[in-house]
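Along the sequence shown, residues carry numbers from 1.
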Amino acid sequence: MMPAKNWLNDPNGPVYFNGYYHMFFQYNPNAAVWGDMHWGHCYSKDMVHWIHLPVALAPDQPYDINGIFSGSTTIVNGTPTIIYTGITNTNQQVQCQARPANISDPTLTNWTKSPLNPLITDPNGRDPSTAFRDNEDNYYLIYGYGTKDLGGQAVLFTSRDFLDWKYLHPIHSNQYDTFWECPDIFKVENRIVLKASLLGRDFWAVGDVDPDKLIFTPQNHDLGEYIQLIDHGRFYASKTFYDPINDQQVIMGWTSEEDNLGPQRGWQGCHTLPRTIFLSDDGYELRSRPIEALKTLRNETSHRHFTDVVLDTKIPFEPVPDVKGNQVEIVINWQFPMYQNLDFGLIVLSTPDGQQRTSIGITSRNNTSVMMNSDLPGWDYLSVPQITQWSDCQIACNKDNKCQAWTYVQDREINNNCFLKSGVPLLTSNSVCTSGVKQREAGEQIVWVYMDRSLSQRNPDAAHEPIHAPIWLQPSAINTQWILELDIFIDHSVIEIFEPYHGRLALTGHVYPEEENANTFAVYVNEPSTTQGHIIINTLDIWNLNTIWTEGHKFF
């Protein structure tokens with residue numbers, strides 16, 4: 001067999017062909033509700049400006065009559081070839097193939113299903129990923145599956161001709177969930193990454209593949225551990241692909257609605273912005289940031305720039321002057337004192353009086369190793385037995401490689417009072433809890449970026465709970481201050497937040513303000529600095545964004 005480093009050596013992306021990016025997506029052409037799933041189709045020259053095309057695949061055969069589910073596209077001998085999951089007339093999940101009816105058509109509008117469909121009928125899983133090759137031109141394919149004994153898994157197949165597929169075994173599995181969806185395996189910076197959708201989230205793991213056994217082994221943490229989230233918000237069923245023009249691996253996710261009014265709006269869910277994927281310097285952490293081409297959406301005539309705004313006291317609501325918008329990009333560079341209890345941020349999609357608003361905030365603590373009267377709710381994986389005091393709970397966490405944080409609940413019985421967590425949830429006040437975060441390198445400190453949606457909308461059936469992402473900051477030489485830049489995209493009801501420089505944070509959520517004038521920006525400080533250090537906006541840049549749609553035009 002070939003050496004492991006050459007096992008994934010075919011970077012053909014599933015959606016780039018002859019100068020155009022092609023995006024396919026599950027789509028119900030008849031209503032904004034689940035059912036009658038087709039494959040919609042758009043194409044683009046830059047992954048930013050898109051043109052709608054006719055439906056690519058419709059459920060019209062016995063092997064897919066109950067729905068065209070997820071799949072991927074692979075370049076096979078120079079031809080883009082779709083592998084998708086069809087739902088049969090008996091509701092079995094099978095894997096099918098389609099190819100362009102006219103390979104010379106740059107839009108790839110029409111597709112022809114293989115007369116050999118279905119190509120794979122067992123096991124009963126779904127969401128085949130982009131295929132890859134080894135050094136001997138064998139193709140490999142994975143898709144999502146699950147069993148009681150192994151839990152969720154990605155099952156592996158091989159083929160020489162992309163038609164006759166042989167089942168091998170699960171390439172990886174674990175017990176964090178009973179079924180995996182939308183798995184992907186790909187290379188980033190010559191490292192192998194496996195991602196999958198489980199527990200309602202998208203997770204990743206960096207690892208190795210044994211060249212003989214063809215088994216993936218995570219090198220550090222595994223899929224299903226909350227330190228391994230691709231995005232800490234509403235992000236699921238993502239798809240990665242290789243972009244040969246910019247030599248980058250790109251990921252796009254599906255962000256589903258968080259209210260009950262989709263059918264009234266006429267649409268349900270959307271793709272997230274395309275993000276480039278890269279690794280941390282040590283090669284163990286997956287990072288992402290918006291692709292560079294998204295800057296072409298900025299309306300430069302709308303640009304507003306602010307510098308050196310000092311927030312040195314408690315501020316409930318202070319509007320940003322002369323700026324309004326609900327389809328905008330915001331780049332804000334915060335500077336704030338180290339090791340203090342702080343809570344501050346930027347308000348968006350607000351009415352002028354602040355009665356309806358969404359807060360994008362940062363909260364920090366002077367010491368996160370032990371936080372009295374504080375809870376870190378969620379993301380538990382173990383209740384440690386025989387714990388009688390919070391210090392023992394902290395020790396248990398420090399000894400466990402999986403543990404990232406802990407909470408001790410003093411009014412609980414022994415064996416149900418110390419909870420270890422595979423990520424770091426958002427801090428909340430609780431008088432019966434003591435919590436802590438496992439510390440990293442000297443001086444490095446965790447803070448939380450959050451989206452407060454308690455006042456975002458009046459609809460009781462919309463999401464109001466906060467969403468958040470923890471981020472570890474390294475000390476700066478500037479006046480003992482932390483420095484944190486955020487790149488925020490707002491598209492009416494969708495907010496995507498990134499830490500663009502290092503790519504350590506991605507957070508996606510939905511809000512649905514009812515008021516038409518909910519387009520004001522403001523700043524706030526709930527907990528100010530208690531020393532001479534100040535909370536400072538070093539720079540704040542805001543642009544209105546142009547539409548991504550170029551309907552009525554062609555690229556050629």
Side-chain angles (χ1 to χ4, degrees), residues 201-204 220-221 225-235 251 272 275-282 284-290 330-346 359-369 371 374 376-379 403-405 421-428 435-452 466-476 478 480-489 495-509 526-527 535-538:
R201 303 292 194 95
D202 271 24
F203 296 86
W204 59 271
N220 194 7
H221 295 282
E225 299 175 27
Y226 282 88
I227 193 176
Q228 303 294 99
L229 287 171
I230 295 175
D231 184 299
H232 281 74
R234 195 79 162 188
F235 183 93
I251 189 167
T272 64
R275 311 165 184 189
T276 184
I277 302 172
F278 57 102
L279 296 179
S280 57
D281 291 341
D282 62 10
Y284 285 111
E285 294 184 16
L286 195 70
R287 305 281 179 85
S288 67
R289 65 168 67 98
I330 304 161
V331 178
I332 187 167
N333 195 307
W334 289 104
Q335 178 179 321
F336 52 99
M338 297 179 180
Y339 313 117
Q340 286 203 38
N341 297 339
L342 303 174
D343 185 13
F344 60 92
L346 179 71
S359 300
I360 298 173
I362 298 168
T363 187
S364 66
R365 287 295 176 264
N366 64 341
N367 175 19
T368 58
S369 61
M371 298 175 288
S374 297
L376 293 171
W379 299 356
C403 184
Q404 304 302 312
K421 302 160 187 297
S422 63
V424 185
L426 182 63
L427 183 72
T428 63
S435 297
V437 178
K438 181 187 285 185
Q439 300 300 289
R440 294 191 179 183
E441 298 176 2
E444 196 174 8
Q445 185 59 51
I446 197 168
V447 304
W448 291 266
V449 176
Y450 64 85
M451 190 187 306
D452 182 351
I467 55 176
H468 71 281
I471 182 170
W472 288 89
L473 299 182
Q474 295 180 341
S476 166
I478 303 177
T480 64
Q481 300 267 299
W482 300 119
I483 302 294
L484 177 58
E485 182 176 85
L486 298 177
D487 192 359
I488 304 166
F489 289 82
I495 300 177
E496 298 183 57
I497 306 170
F498 305 93
E499 188 261 328
Y501 183 71
H502 295 287
R504 295 171 293 183
L505 178 152
L507 182 64
T508 301
N526 292 333
E527 290 186 68
I535 299 170
I536 301 171
I537 301 175
N538 286 336

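- Two residues are said to be in side-chain contact when any heavy atoms from C-beta on lie closer than 4.5 Å; I251 and F235 meet this criterion.
- To the nearest 0.5 Å, atoms CG (D202) and CG (L229) are separated by 9.0 Å.
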| Worked verdict on L342 versus I362 for side-chain contact (heavy atoms from CB on, under 4.5 Å) | CA-CA 8 Å; L342 303 174; I362 298 168; over 6 Å; no
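- Qualifying side-chain hydrogen bond (donor to acceptor under 3.5 Å, both in side chains) partners for Y226, counting only residues two or more places apart in sequence or in other chains: none.
- Considering only residues two or more places apart in sequence or on other chains, E527 meets the side-chain contact (heavy atoms from CB on, under 4.5 Å) condition with N341, D343, R365.
- With a 4.5 Å cut-off on side-chain heavy atoms, N367 and Y339 do not count as touching.
- Contact check for P337 versus Q481: side-chain heavy atoms found under the 4.5 Å cut-off.
- You'll find the side chain of N538 reaches within 4.5 Å of the side chain of I483, heavy atoms only.
- Using bins of under 30°, 30° to 60° and over 60° for the plane-to-plane angle, the ring pair W379/H232 lands in the tilted bin.
- For P466, the side-chain contact (heavy atoms from CB on, under 4.5 Å) partners at least two apart in sequence or on another chain are L426.
- Counting only heavy atoms from C-beta outward, the side chains of F336 and L484 approach each other to under 4.5 Å.
- Partners of D282 under the side-chain hydrogen bond (donor to acceptor under 3.5 Å, both in side chains) rule, at least two apart in sequence or in another chain, are S280.
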| message | For E444 and R504: C-alpha separation, side-chain torsions, deciding distance, then whether salt bridge (Lys or Arg N to Asp or Glu O under 4.0 Å) applies. | response | CA-CA 14 Å; E444 196 174 8; R504 295 171 293 183; 5.6 Å; no
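- No option in R287, R275, R201 other than R275 meets the salt bridge (charged side-chain N to carboxylate O under 4.0 Å, His left out) test with D231.
- Side-chain contact between Q474 and H502: absent, with no pair of heavy atoms (C-beta onward) separated by less than 4.5 Å.
- Considering only heavy atoms from C-beta on, N526 stays 4.5 Å or farther from F344 through its side chain.
- The backbone N or O of W448 sits nowhere less than 3.5 Å from a side-chain atom of S364 that would complete a donor-acceptor pair.
- In this structure, the side chains of W472 and V437 come closer than 4.5 Å at one or more pairs of heavy atoms.
- Here Q340 pairs with S529, T530, T531 under the side-chain hydrogen bond (donor to acceptor under 3.5 Å, both in side chains) rule; sequence neighbours left out.
- Take T368 and apply the side-chain hydrogen bond (donor to acceptor under 3.5 Å, both in side chains) test, not counting sequence neighbours, and it matches Q439, Q445.
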